[in-house]
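Taking it in order: structure first as structure tokens, then the write-up.
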Amino acid sequence: MKGQGRYRIHAVAELTGVPEATLRAWERRYNVPIPLRTASGYRLYSHMDVEQVKRMRELCAAGMAPADASKMVAAPAEPPPLETLDDPFEAVAKRIVEGTRRMDPVAIEGDVRFAMTLTDAITCVDRIFCPAMAEIGRDWERGLISVGHEHLASEIVYMATRDLLRLMGPARPVGEIVMACFAEEDHTLPLYSAAFRFVEWGYRPHVLGARTPPAGLGAAVKELEPAFVGLSVTIPPAPHRAQELVSAYADVIGAIPWAVGGAGAADMRTIIESKGGKVIDSEGTDTRDLIGRMLTQTRT
């Protein structure tokens with residue numbers, strides 16, 4: 001249930017910077033927000049309504065169409081309460097997993113949207129989306145769900161993640177970043193998780209996605225002239241294939257600083273470092289310092 005209404009429409013307009021006419025239009029066209037009404041018909045907005053309006057304003061200012069923004073900020077009609085856990089992010093991740101097991105796209109969509117309003121983008125991806133998709137992947141490996149279940153959740157989660165990244169992109173980036181999965185790698189969410197860090201540092205990341213061959217990466221490097229190239233691999237290829245791919249990636253990247261992250265990167269450390277790349281240790285604490293030094297080298 002929504003909190004008790006307490007703000008009149010003119011107060012909401014002052015608090016949010018959104019004109020009264022726009023507030024009425026959003027309510028009429030998109031049902032965002034839906035204020036309470038007094039016996040005389042006056043609108044009364046709750047604190048949650050005001051937060052929805054602010055979020056709508058931010059998304060629209062970033063270039064999103066109001067119809068799309070309204071879908072992102074609107075919570076499910078009756079969102080289930082978070083379990084009584086010390087970690088609310090874990091609770092939402094668990095709900096996404098459970099919705100996937102039921103093959104319930106409405107529930108997955110609702111919980112993903114709720115996650116996006118619960119915290120900042122980086123925490124949302126790191127603490128909710130990544131753990132949820134990891135557990136869904138384990139369910140598939142154990143034969144508890146089909147590949148259709150996994151693909152359904154992946155599409156919903158990845159679409160939300162891409163929207164978050166696009167909206168966060170700096171208007172005047174200090175440089176471009178190119179990011180891609182190894183040629184036989186399908187798991188793109190770790191790339192997006194890393195991409196948010198580059199946005200924080202003022203860079204604009206370009207995520208090429210899954211199964212990016214060396215030729216495809218080379219074309220992007222040539223056109224975008226990035227300050228840094230990041231690659232991701234979860235399951236390392238066979239040694240001869242790893243040598244072949246790393247050599248080809250190094251050739252197309254050239255003198256640009258580059259690194260490989262992901263669960264499979266450490267197993268390829270010798271090959272990667274022999275070709276001039278760095279390995280990003282997911283357990284390490286110096287990732288930001290390492291990449292910062294590499295980016296500094298680019299600018300000097």
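Please read these numbers as outputs of a predicted model, since none were measured by experiment. Values below: every heavy atom of this structure, side chains too, minus hydrogens, waters and symmetry copies.
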(message) Out of the candidates V279, L245, V246, only one should pair with I271 under the side chain to side chain contact (heavy atoms under 4.5 Å, CB included) rule; please name it.
(response) V246

(message) Show the nearest heavy-atom pair for residues P237 and A242, with the distance to one decimal.
(response) CB-N, 3.9 Å

(message) Please determine whether residues V147 and L152 belong to a single hydrophobic cluster, defined as Ile, Leu, Val, Met, Phe, Trp and Tyr linked transitively by side-chain heavy-atom distances below 4.5 Å.
(response) yes

(message) Counting neighbours of CG on L15 that are heavy atoms of other residues, nucleotides or ligands and sit closer than 6.0 Å, is the number greater than 12?
(response) yes

(request) Could you state whether V53 and Y42 fall into the same hydrophobic cluster, counting links through intermediate Ile, Leu, Val, Met, Phe, Trp or Tyr residues with side-chain heavy atoms under 4.5 angstrom apart? (result) no

(message) Just checking Y158 against F129, ring centres under 6.0 Å apart?
(response) no

(request) Specify whether F198 and Y203 have parallel, tilted or perpendicular ring planes, treating 30° as the upper limit for parallel and 60° as the lower limit for perpendicular. (result) perpendicular

(request) Heavy atoms only: give me the nearest V260-W258 pair and the separation to one decimal. (result) CG2-CZ3, 3.7 Å

(request) Check R197 against I122 and note the closest heavy-atom contact, atom names and distance. (result) NH1-CG2, 3.3 Å

(message) Please find the pair of heavy atoms, one from A69 and one from C60, that lie closest to each other, and give the distance.
(response) CB-SG, 4.2 Å

(request) State whether the side chain of E185 and the backbone N or O of T234 hold a donor-acceptor pair below 3.5 Å, judged by distance alone. (result) yes

(request) Look only at the side chain of T22 and the backbone of V18, and say whether a donor-acceptor pair between them is shorter than 3.5 Å. (result) no

(request) Considering non-hydrogen atoms only, spot the tightest contact between P88 and L118 and give its length. (result) O-CD2, 4.5 Å

(request) Establish whether I235 and L231 are linked, either directly or via other cluster members, by ILVMFWY side-chain heavy-atom contacts under 4.5 Å. (result) no

(request) Inspect the contact between K71 and E109 and indicate whether a charged nitrogen and a carboxylate oxygen are less than 4.0 angstrom apart. (result) no

(request) Report yes or no: do M103 and I136 belong to one cluster of Ile/Leu/Val/Met/Phe/Trp/Tyr joined by side chain heavy-atom distances under 4.5 Å? (result) yes

(request) Using only heavy-atom distances, determine whether the side chains of D126 and T123 contain a donor-acceptor pair under 3.5 Å. (result) no

(request) Check the side chains of E176 and H206 for a donor-acceptor pair under 3.5 angstrom, ignoring hydrogens and angles. (result) yes

(message) The test is side chain to side chain contact (heavy atoms under 4.5 Å, CB included); show your working for M133 and V157 and say whether it passes.
(response) CA-CA 8 Å; M133 292 309 303; V157 170; 4.0 Å; yes

(request) Answer yes or no: is there an ion pair linking E135 with R101, defined by an N-O contact shorter than 4.0 Å? (result) yes

(message) Pairing donors with acceptors under 3.5 angstrom, does anything connect the side chains of E150 and S154?
(response) yes

(request) Tell me whether the centres of the aromatic rings in Y249 and F182 are closer together than 6.0 Å. (result) yes

